[in-house]
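Reminder, nothing fancy here: chain letters follow the sequence lines and each chain counts from 1.
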Protein chains: 2
Amino acid sequence: MARLVKTKIEFEGTIREEEVVVEHDDLAVWAADSPMTHVGAPTPRVDGIARVTGTAEYTYDVRLPGMLWGAIKRSPHPHARVRRIDADRARSLPAVVDVLTADECDSVEWHGESALIDRTVRYHGDEVACVVAENEQAALDALDAITVDYEVLHHVVDMEAAAEPTAPQIHPDSSPGRNRTAEPSRYLRGDVEAGRRAAAVTVSARYRTPSALHASFETHGSVARWESDELTVWDSTQNIFGVRSSLASTFGVPLAKVRVISRYMGGGFGSKNDLGKHTALAALASRRTGRPVRIMLSREEEFLAAGHRPPVIVDVELGATRDGALTFIRAHSMTSPGAYGSGGFQVAGPFREYYRCDNVETIQEAVYTNTGPACAFRAPGYVEGTFALESAMDELAAELSMDPLALRVANYAALNQPRAMPYSQKHLLESYRSGADAIDWDARRATARPAHAPTARGIGMATQGWGGGGAPPSYALVRLSPDGTFDVLTGTHDLGTGTRTVMTQIAAQELGVAMERVRITIGDTLTCPYSLLSAGSLTVPSVGPAVRAAAADARAQILDIAGSLLDTDPKGLTIADGVISSASNRDTRVTVDDVARKIGNYMVIGKGARGPNPSDVSVNTFGAQFVEVEVDTATGSVRVLRVIAAHEFGRVINPLTLSSQIEGGVFQATGFALMEERLMDPATGRFINANLSEYRLPTIADVPRVESLFIGPPDEASNNTGAKGAGEPPIIPTAAAIANAVSDAIGVRIRELPLTRERVLGAIAAREGR
Amino acid sequence: MARLVKTKIEFEGTIREEEVVVEHDDLAVWAADSPMTHVGAPTPRVDGIARVTGTAEYTYDVRLPGMLWGAIKRSPHPHARVRRIDADRARSLPAVVDVLTADECDSVEWHGESALIDRTVRYHGDEVACVVAENEQAALDALDAITVDYEVLHHVVDMEAAAEPTAPQIHPDSSPGRNRTAEPSRYLRGDVEAGRRAAAVTVSARYRTPSALHASFETHGSVARWESDELTVWDSTQNIFGVRSSLASTFGVPLAKVRVISRYMGGGFGSKNDLGKHTALAALASRRTGRPVRIMLSREEEFLAAGHRPPVIVDVELGATRDGALTFIRAHSMTSPGAYGSGGFQVAGPFREYYRCDNVETIQEAVYTNTGPACAFRAPGYVEGTFALESAMDELAAELSMDPLALRVANYAALNQPRAMPYSQKHLLESYRSGADAIDWDARRATARPAHAPTARGIGMATQGWGGGGAPPSYALVRLSPDGTFDVLTGTHDLGTGTRTVMTQIAAQELGVAMERVRITIGDTLTCPYSLLSAGSLTVPSVGPAVRAAAADARAQILDIAGSLLDTDPKGLTIADGVISSASNRDTRVTVDDVARKIGNYMVIGKGARGPNPSDVSVNTFGAQFVEVEVDTATGSVRVLRVIAAHEFGRVINPLTLSSQIEGGVFQATGFALMEERLMDPATGRFINANLSEYRLPTIADVPRVESLFIGPPDEASNNTGAKGAGEPPIIPTAAAIANAVSDAIGVRIRELPLTRERVLGAIAAREGR
């Protein structure tokens, strides 16, 4: 039964309380002695063959009859006013059907700091015009036929410079101060000054992380089609319901007239959480032309305009007593959303949460720059905050002459201090212990390293904290077909993470049938009931419980009918391996297939909802990573040899896909730590490595061996599966642990990522006084 | 709550009893004083703009990335053995990807009398090979590159000839006798010989109706795509769940792995009730090539191979007392399913049901011929049986010197004699009266007609009976979006009949919101819950009640939440015009939109099922049509001036779409009565007018003015809407009424359709002894 309740929702480091309608499910977490046939078993991807054989339809693949191809003209200037735009020649080209400029887009509401196509461009890559044509080449050719008369304005791409009072102003009405996006966001607990006085030792340092690019296999893109007043959009998105909602308000149509489809995706990593301008342009062009319109971004456009992890600067101060107890933590961070980016960027989270400390102050500020829009990128803020905090913790340990791991154990946070409540469970000490054992921490940290060898090895570690508890609302339907096979329908997404597989396991487990009897359908706002966006490590702990509840509802309906067929009380019946049998009478049995055949096209439709979160405990994930690196002291090259990733996710639904998540996170973080960096030319304001040859991503030759350790039992307070989200945690501590290991290897601290050869050699030279 | 019950299911003239799982709904038919805002209102098509602007996606429009185009090579011979087929040259053509012949199709199960591609061809147009190529022209060109060595066999295309012992045998194992499809099907009630003895007057005549073609705007066609082991088929079908089921068994895959989509259709009229060979060929070719495959039939192929109304011969004997009471009815019919056609062809139905008569015998037989497969065509059998019976009734009236309408009234059947049960309601006498009044029957029948005028006018009428009560199982879901708009999901079809509109009216009515707040989605086995096929006048009375029940369920959930918001008992709340209010306290009110916004993405999902049929009454439709014709006695040309169609369908959901159904039926019947006829050349066995220039369909210049009269109140025993099916009834009596009117005009009876100029002139000549 549905009711209105207050519930806390944690998403990417922020908590908000909302009154929502929830349905309780009365399912307890599977008991320890339940026969777990599918859940927990290493299970290959159910969509693996379709993906690798190329038969799976991605947004990129969608072709519609009469479809037009769209291309976007983008500004070469980081800051300029469009004085005049001449699209007449483009419009007259034979295969060109329509050209949209700011004039043609004025009818469309665009939320946020800008119009759909603004008359001022604010970054290299900003949208200036959109051409739709009969084919792709014609659309691209027509872009060159559009002439734009720009009034070039002063620009600023560096955020420290943008914060200066003399900087060019990017938005006219930046009320909190020149280019500041808002008043700084402050958090305080206790008395930092008292903490500072109580400290025997303090460290204070500035840490920097670069802007990194998501570089998803599949770029952003959409195909939009209006059929009269009904809009269907195929979109490479992590948030079909969010995009539907934004499209409905952008175009002023009811939600029920908008359908968004995202069947197969080639990654997103947070960059596909929101409606993109290219999507709205495709929809607008389709409405104007009466034909379907496809706009897929090129790799260059993807890099210029489709989001990135913003650069961060954090000034950290830590103080501790002589025996290592933290007396205060202070962190002041600055970041930039680019010219228009979206928020949800909690650099401060780790400082507030990771360690027991009564006196904590964090200040976060953000300034606009003439760069592309930033957006969420896998654990936004936490990757950067953890790098700063965990580097500083190692520096503090050095000051204290303490073992870095011992320092962390000494400041273990048993409670969630910001939320002032206990954790549902926390096995971080076990993660520390298991990781340390695996890498032989105590013995190796005690061994002095030869600082001048041609290669220097070092080990380091860092802590991970994150939400990952999931939240309502998410829903699922489970439908029985007359041959005993099942459809699971839920409006979630599979970014490549294995959602289809994990949800199929949960449904098959609850239904008591083979995996092959279950087909999972996701990514369609029309076909599937609502689910939360697939971001913030939400999917498994939010959608999984809904799928389980729907399967349980379908199972109960099947058992009711089986009970009448077998002339027995359905309460005494169970299903295993597709056989329904009575616990009390072993001869009383019938197969699910028999029941299905008997009931023919009677539709058993199970409905399931994600229940509310517990109000008295905080559900979180924890972990620690231990890494070993080898530094070539002649070239400065860093090689990560090995990563032990010891994480607590509650129940492991699928060890295979969970290991893949961990490996993917570690690999992505390795690139972030060692080589990835968006390069903006301060003079021209241009993005100078917006391509895959100059923006260096790690290849298979660059990535370390990863050993995943799954720590702790199912989290019984979390949800009916006992599982927590694992999308983001694996990427959080890696860069910090690598930096700590490099420092261990070369005996000197580098406080800026990536750890390029130049920086490593520079640090070695500085150490040696060269 | 679901339970197993026995229920009677009536479909196209046959009744079967099945034990099925049904869910009861406890909804009574809307009370007479309910404010009927949407149901009953003349409502334009909700999909009208999408259809007429060409933005609606039909199967014909589907394009998929990498899609191949298929074309089918068909036999030019009506009967032959394929000795050898050489497809090597076709296979070597540059754009050809695959060629399927019998050899390549052996792996696929094909149900019925033949293989998917047989090695014996049995009609002009039978499948011989299938080419798939990169484009349509290449596929068509490749057909000519295939050489087939045929051993031509003797053929027979006339069914009387096919029944002769010397006829060529079409299927080797026709056990009931040469070319007979089965033992004749006999029905007997009472004592026909006693009835014959009791008769004062008898008539005995042979009636013939031609083979007619459905000629849907959209030909048959499909696009098939395998994604790994999952098959999706876009199909122009009236039966997505039936096609899904046949595909699953044909290809040996679970139902949950097969998805069938039929979003918009250009007609079907019964020809698209089953899986077609072209569909299975597309699916097989797609599986072999790993690419999507499209096969749409050309108009010629559609006529040759995609079904038709089979030709019928009926020998009728009627006997009556001097005052017109029928003492016996005897009808012996013969038809031909072609070489492979499907059944469900009840020529005998009208003889058993229309009139009160205790002594009735019907015999139906069918023989194979070397012609294309017959299939259901709008009221299969009843159109033909009604022509024969209602012509014979007029002949009997003439023998008795009775008014034909008075003869019918004298034999009014208050009970359903074959089923031995009362009707839920029957207002046929009212139909007779209303129709007769409208055409001024009594006065005009009494007026002698000038038989030799250059134009002769006449009037005639005929009776209509049919099922139309609908049946379970059918299901619907109704889902609320956060802006107060609704999705209605149900796996039915819209052949062009207005299903979307009518279902939207029912949902909006029950929800108490505007039509624009509701979006209806149909025609997708994955998105939508099960519904019966859209045939047999099933849709409105089967799916409508499920939609209403689902809307009522959603409404109850909304009222529950509104109750908690308003702090009042939800039982006292109602919804009208989108406002939820309390009957007892007028200030207690909140809008549906407010509730929807409040509950955000909480998914209100209402589930509804079509309840079981009543077991003690028969739910049927009844009607009568009265027509006026003008015959040019010099040319033999017949013009139908006016048709009064007085039908009883229970509640009228939408007078606009119902009138369209009636008009469409009358127009189609006008073509059948006057001009349409498939022409088979007996010598060559070829179909000689398989095109729209020589197969004459009525144009707008040929069709009469139609006045529709809706007779009787909602049928409270039928289902929760009180509505009955109207797809077929309008076509049933028209041809009979036209023939009776022509006879009235020219004073002589023509017993064979179509009433071509040649036949009319011949009849006039015969009357005049020329």
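- The distance from the CG atom of B/D61 to the CG atom of A/L64 is 10.0 Å, given to the nearest 0.5 Å.
- With a threshold of 4.5 angstrom between heavy atoms, B/Y530 approaches chain A through its backbone and through its side chain.
- To the nearest 0.5 angstrom, B/W226 atom CH2 is 11.0 Å from A/T55 atom OG1.
- Heavy atoms closer than 4.5 Å to chain A are found in the backbone of B/V258, but not in its side chain.
- From A/K607, atom NZ reaches atom CD1 of B/I605 across 5.5 Å, with rounding to the nearest 0.5 Å.
- Using a 4.5 Å cut-off between heavy atoms, B/R291 makes no contact with chain A at all.
- Between B/E516 and A/K257 no salt bridge is recorded (no basic side-chain N to carboxylate O distance below 4.0 Å).
- Of the possible polar contacts, one joining the A/T485 side chain to the B/A256 backbone as a donor-acceptor pair under 3.5 Å is found.
- Between B/S228 and the choices A/V46, A/D47, A/I49, the side chain to side chain contact (heavy atoms under 4.5 Å, CB included) rule is met once, by A/I49.
- With a 4.5 angstrom heavy-atom cutoff, B/P292 does not touch chain A via any of its atoms.
- Looking at heavy atoms from C-beta onward, B/T232 lies out of side-chain contact with A/E57 at the 4.5 angstrom threshold.
- Residue B/S474 does not touch chain A at all, counting heavy-atom pairs closer than 4.5 Å.
- In terms of heavy-atom pairs under 4.5 angstrom with chain B, the leader among A/G66, A/S249, A/P254 is A/P254.
- In this structure, no portion of A/L532 lies under 4.5 Å from any heavy atom of chain B.
- Contact annotation for B/Y264: only side-chain heavy atoms (C-beta onward) come within less than 4.5 Å of a heavy atom of chain A.
- Taking the side chain as every heavy atom from C-beta outward, B/L477 and A/L477 approach each other to under 4.5 Å.
- B/D483 places a side-chain N or O within 3.5 Å of a backbone atom of A/L255 that can act as its donor or acceptor partner.
- Among A/T53, A/L489, A/T521, the residue with the largest count of heavy-atom pairs under 4.5 Å with chain B is A/T521.
- Neither the backbone nor the side chain of B/V604 comes within contact range of chain A, judged by heavy atoms closer than 4.5 Å.
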Inset, instruction - List the steps, then state whether side chain to side chain contact (heavy atoms under 4.5 Å, CB included) holds for A/R259 with B/T527. - result: CA-CA 12 Å; A/R259 176 181 189 181; B/T527 300; 4.1 Å; yes

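- Proximity to chain A (any heavy atom under 4.5 Å) is shown, for B/L480, by neither the backbone nor the side chain.
- Comparing A/R517, A/R263, A/M67 by how many heavy-atom pairs each has under 4.5 Å with chain B, the most go to A/R263.
- Proximity to chain B is absent for every atom of A/Y60, based on heavy atoms less than 4.5 angstrom apart.
- Ion pairing of B/E227 with A/R51 is absent here, as no side-chain N (NZ or NE/NH1/NH2) approaches a carboxylate O to less than 4.0 Å.
- A donor-acceptor pair is defined here as one N or O able to donate and one able to accept, closer than 3.5 Å; such a pair exists between the side chain of B/R479 and the backbone of A/L526.
- Nearest heavy atoms, A/S481 versus B/R244: OG-NH2, 3.0 Å.
- Note: B/D487 leads B/V52, B/D229, B/D487 in heavy-atom pairs under 4.5 Å with chain A.
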